[in-house]
Amino acid sequence: MKLGIVGLPNVGKSTLFNAITNAGAESANYPFCTIDPNVGMVAVPDYRLDKLSEMYHPKKTTPAVIEFVDIAGLVKGASKGEGLGNKFLGNIRMTDAIVHVVRCFDDDNVIHVEGSTDPVRDMDTIDLELVMADLEMVERRIDKAKKMAKGDKKFLQEAADFEGLRDWLNDGKSARSYEAVDIAAEYPDCELLSLKPVIYAANLDEEGFSDPHSVPYYQQVEERAAAQGAQVIPVCAKLEAEIAQLDGEEKKMFLDDLGVAESGLDRLVKASYTLLGLISYLTSGEDECRAWTIAKGTKAPQAAGKIHSDFERGFIRAEVVSYEDLMACGTMAAAREKGLIRSEGKEYVVQDGDIILFRFNV
C-alpha cells in the first residue's frame, strides 16, 4: 500500500512524514523544501502480532508495512506547471490513496503560502488542481477514443463516457463523486488523480489535538469531508515527532497524559486499511511471526500466494484458527483439542485476524 502525503506548502506535511517514518525528510519554513518525493516504510501497529510474538518468542517478527510518499507542496496553478506542480502531480499518480494534510492552527512563526489559515480554501485549492490535471488527461482520452472509433465503433461508448466525465470535472467536481459511469471499473487503466480515495489529516496544535471537535478549523474540515464521504483524522505533527521517539510503555503514558487513546499515525493506518478495503492475516511459529496484508474478500489460495507463488500453485488446504479463539485457548494444542482449528479449502475467504498454516505441494 502506497499513500501519497499532499497539501499546500507549510501545512505540516514533511513534519508529519518525518514523525511517522523517521526517514528524515528535510522540513523547513519555506515552500518546496521537498524537491524529490521522500519515501518511507512504516510498520503497521498490530497488537495481535505482538501477542503472537510473546507466545512463540520467534527469531524474528515481521509486521505489515505501508509506504508513505511525501510529495512537495502544491500551489494554486500546479496543474498548469506553477511552482513545481507537474512533476508532483505525476508522483501522486503512482500512489494508491491520498493523505491530504490540512492546516488547522494559527502560528505567526510558520508562514502560510496564502497568508492566512483557512482549511476549506486550502482543501478546495488542492482538490481543484487535481481536477484540472484530470481534465487534461480526459480530453486526451476523448480525442484518442474518437480516432479509434473510425476503425472500431465500440470506442464511441468510451468517448461518450469520458465526455460525461469531462462535463462533470468542468464543474469543479472530482471523479470520485461521478456516478453516471463507474470509471475505475470500466477503465482500470485510467489513473485519474481525483478518482483516488482520500483521507484528510487535520493538523492541529497540541491544545487542539486533545479536543479536536472544539476547534472551529477542524469542524470546517469535518463538514467538507462529510460532503465528500471522506474520513478526517486529527493529528498533531509536532506531537507525532515526539511520540515517534518513545517505546511502547512511554508512548502509552504520553498519550494518556494527552487524554487520547491512539496516536495520529495509528488512526491514519486504521483509516487507510478501511479506505482501501484491506485486512491482515497472520502466520506464526518459532522462526517467524508475520502479518500479511490482503484485500478483503481474498480466497485462501491467493492469500497463500502473498507468501510465495508456490503456495498458491500447489495449494492443498489452509489450517485456520481465529486470533480470538487462540487467545481464549492459550495454545495451538488447546485450540486443536477443542476443534477450533479448521481445515479450509480453495473457496475459503480469509478473515481479518485469521492465523493460518498453509499446506501445499509442488
Side-chain angles (χ1 to χ4, degrees), residues 1 3 5-7 10-23 25 27 40-51 63-66 68 70 97-107 109-110 117 119-120 122-123 197-226 230-276 278-280 291 352-353:
M1 173 163 50
L3 302 179
I5 304 179
V6 306
N10 291 356
V11 296
K13 288 186 310 81
S14 293
T15 303
L16 180 63
F17 175 82
N18 287 347
I20 61 181
T21 66
N22 288 317
S27 178
M41 305 299 286
V42 178
V44 175
D46 192 329
Y47 68 92
R48 301 168 303 193
L49 186 63
D50 297 337
K51 286 291 186 182
V65 295
I66 294 178
F68 281 94
D70 179 28
I98 293 170
V99 178
H100 182 168
V101 181
V102 185
R103 179 166 158 177
C104 292
F105 64 89
D106 292 312
D107 187 341
N109 296 317
V110 181
T117 304
V120 172
D122 294 354
M123 293 165 79
V198 63
I199 297 170
Y200 290 102
N203 188 20
L204 300 142
D205 57 20
E206 294 183 33
E207 183 180 353
F209 182 63
S210 61
D211 187 14
H213 295 285
S214 68
V215 180
Y217 289 145
Y218 182 80
Q219 294 168 11
Q220 292 168 22
V221 175
E222 273 200 316
E223 288 175 14
R224 178 53 59 93
Q231 294 186 70
V232 180
I233 306 297
V235 300
C236 174
K238 287 176 67 176
L239 281 177
E240 290 296 327
E242 295 180 41
I243 292 169
Q245 306 302 318
L246 305 176
D247 62 24
E249 192 57 39
E250 287 179 322
K251 175 180 171 181
K252 185 178 184 307
M253 290 173 62
F254 189 89
L255 293 173
D256 287 344
D257 288 343
L258 287 173
V260 296
E262 295 177 299
S263 70
L265 172 60
D266 290 348
R267 297 182 198 185
L268 187 56
V269 167
K270 286 182 179 179
S272 302
Y273 266 66
T274 301
L275 185 71
L276 294 172
L278 301 175
I279 61 171
S280 292
D352 187 45

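Because the structure is predicted, anything quoted here is derived from the model rather than measured.
With sequence neighbours excluded, the residues satisfying side chain to side chain contact (heavy atoms under 4.5 Å, CB included) with A97 are L3, P197, L275, L276. Judged as a side-chain hydrogen bond (donor to acceptor under 3.5 Å, both in side chains), and not counting sequence neighbours, Y218 has no contacts. With sequence neighbours excluded, the residues that form a side chain to side chain contact (heavy atoms under 4.5 Å, CB included) with V42 are T21, F68, L265. In this view, F209 satisfies the ring-ring contact (aromatic ring centres under 6.0 Å, His included) rule with no residue, not counting sequence neighbours. For the salt bridge (Lys or Arg N to Asp or Glu O under 4.0 Å) test, no residue two or more places apart in sequence or in another chain qualifies with D106. Residues satisfying the side chain to side chain contact (heavy atoms under 4.5 Å, CB included) test with L49, not counting sequence neighbours, are D46, T61, P63, L282, C289, A291. By the side chain to side chain contact (heavy atoms under 4.5 Å, CB included) test, D50 is found to be paired with no residue, residues two or more places apart in sequence or in another chain being considered.
The CZ atom of R103 sits 12.0 Å away from atom CG of L204, with the distance rounded to the nearest 0.5 Å. The CD1 atom of I66 sits 9.5 Å away from the CE atom of M41 when rounded to the nearest 0.5 Å.
Remark: side-chain polar atoms of N203 are not paired, donor with acceptor, to backbone N or O of C104 under 3.5 angstrom. Between the side chain of T117 and the backbone N or O of F105 there is at least one donor-acceptor pair closer than 3.5 Å. With hydrogens and angles disregarded, a donor-acceptor distance shorter than 3.5 Å links the side chain of Q219 to the backbone of H213.
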_Applying side chain to side chain contact (heavy atoms under 4.5 Å, CB included) to V102 and Y217, what does each step give before you reach the verdict?_
CA-CA 10 Å; V102 185; Y217 289 145; over 6 Å; no

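Closest approach of V215 and G208 over heavy atoms only: CG2-CA, 3.7 Å. Shown here for V235 and G264, the closest heavy-atom pair between the two residues is CG1-CA, 3.9 Å. Taking both residues in full, the closest heavy atoms of H100 and G7 are given as CD2-CA, 4.2 Å, listed atom of the first, atom of the second, then distance. Residues P216 and S214 approach most closely at CD-O, 3.4 Å, considering heavy atoms.
Within the 4.5 Å cutoff, the side chain of Y273 has heavy atoms near those of the V44 side chain.
The salt bridge (charged side-chain N to carboxylate O under 4.0 Å, His left out) pairs that include a residue from residues 197-226 are D124-R224, where partners are two or more places apart or lie in different chains. Counting only residues at least two apart or in different chains, salt bridge (charged side-chain N to carboxylate O under 4.0 Å, His left out) contacts with residues 251-269 comprise K251-D266, K252-D256, E262-K270. For residues 230-245, the set of pairs meeting the salt bridge (charged side-chain N to carboxylate O under 4.0 Å, His left out) definition, not counting sequence neighbours, is empty.
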